[in-house]
Amino acid sequence: MKKVTLLLLTFLTIQSCTTTPSGSKAFLLTSMSDENKQGEEAYSEILKTSKIVTNTKQAKMVETIGKRIAAVANQPDFEWEFKTIESEEPNAFCLPGGKVAVYTGIFKYAKNEAGLATVMGHEIGHALARHGGQRMSQQMATNVALAGLAAVGLSGMDSNKKTIIMAALGAGATYGLILPFSRKHETEADEIGLKLMAKAGYDPRESVNFWDRFSQASAGKAPPEFLSTHPNSENRRDHLQELIPGVLPDYQASAKLGLGQNL
Ligand SMILES: [Zn+2]
């Protein structure tokens, strides 16, 4: 029996090694349209139970920055949305399909538009590289009860399965389960995010300052959820520094908004 399962998994692995839009090889049992559908469902569930902020200066900035990033992200299969959620928690996410949420608690760390573009670019990087789909696939491969769930709507799942899938997609905390992204996924999201912010016109050098502000402010306190799901390894800063010269030409060729307005 074990052998059969192993063979099946081997087969699935061979069958499902896909190249993501970011160009890296990934283990995917889900299709992009399944992921996007579930991302959309998860998004509307979260929005239903959250206080959405509209019409403030910051909420408009979230939308403006999001649209600028979407314009250079080159992902026609996404139906982008950018919402601001009232919450003390410094957090942000982008679900499959381009469903972005920024929590008001992260504004004081973002400080300016370029800081916010760092966060949003990073989150959008996770979605473009289909990290949610990859985590869902990993869960399905290791948990028989979840196998074949990709095409099922969230509303048709029992609450345990739903919690796991929501966490894999990147919206877990709402349901009490947090799945950190792997170091590989973090690095990849940093790389994609940095390129996106530079192309969108924001000074990529501010990314390093954002991560510095964020880790300093949360030092010695219980880490915010954003840091639990986005482990801030010591080498994140160094790696971003190394990458910046490579994206400066993109920034020079852009509308060059610098740091943008203060939040
Ligand atoms: Zn991340």
Side-chain angles (χ1 to χ4, degrees), residues 20-24 26-28 35 39 42-43 46 62 65-66 69-70 73 75 78 82 85 87 89-103 105-107 109-110 114-139 166-174 177-198 200 202 204 206-218 223-244 247:
T20 67
S22 63
S24 70
F27 169 66
L28 283 160
E35 292 160 23
Y43 195 59
I46 293 164
V62 166
I65 296 165
I69 292 176
Q75 181 38 278
F78 280 17
F82 309 96
I85 291 174
S87 168
E89 188 73 37
N91 202 3
F93 61 78
C94 176
L95 297 176
K99 306 301 188 189
V100 179
V102 175
Y103 290 53
I106 210 157
F107 290 150
Y109 304 104
L116 199 49
T118 304
V119 178
M120 292 174 73
H122 176 96
E123 291 309 308
I124 287 168
H126 279 304
L128 289 174
R130 295 176 64 189
H131 293 162
Q134 290 177 50
R135 295 202 302 185
M136 198 151 69
S137 302
Q138 276 160 14
Q139 296 295 327
M166 291 284 273
L169 291 172
T174 323
L177 180 66
I178 292 173
L179 279 182
F181 283 107
S182 68
R183 188 158 288 195
K184 180 175 167 267
H185 285 177
E186 280 307 295
T187 304
E188 200 176 12
D190 276 342
E191 291 170 4
I192 300 170
L194 194 69
K195 185 120 185 135
L196 289 174
M197 80 183 280
Y202 295 107
E206 184 65 5
S207 62
V208 176
N209 301 332
F210 165 77
W211 285 104
D212 280 351
R213 285 197 291 274
F214 198 61
S215 32
Q216 276 159 18
S218 48
E225 184 213 326
F226 190 75
L227 279 187
S228 325
T229 49
H230 297 79
N232 191 12
S233 60
E234 279 171 22
N235 59 22
R236 186 196 299 271
R237 186 184 200 287
D238 297 344
H239 188 55
L240 282 170
Q241 289 280 29
E242 275 169 36
L243 293 170
I244 284 169
V247 301

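Order of listing sets the numbers, starting from 1, for every ligand and every atom in it. Note that the numbering runs from 1 along the sequence shown for the chain. Not measured: the values here are computed from a predicted model.
Backbone or side-chain N, O or S atoms of His185 do not reach the Zn ion (ligand 1) at under 2.8 Å. Among the atoms of Glu123, none of the N, O or S atoms falls under 2.8 Å from the Zn ion (ligand 1).
Evaluation of the ring-ring contact (aromatic ring centres under 6.0 Å, His included) rule for Phe210 yields Phe214 as partners, not counting sequence neighbours. In this structure Glu191 satisfies the side chain to side chain donor-acceptor pair (under 3.5 Å) test together with His239, sequence neighbours excluded.
Of all the N, O or S atoms in His126, the one closest to the Zn ion (ligand 1) is NE2. As for Glu186, its N/O/S atom nearest the Zn ion (ligand 1) is the one called OE2.
In this structure, His185 and His131 have parallel ring planes: the angle between them is below the 30° cut-off, well short of the 60° mark.
Under the 3.5 Å distance criterion, with hydrogens and angles disregarded, a donor-acceptor pair is assigned to the side chains of Glu186 and His126.
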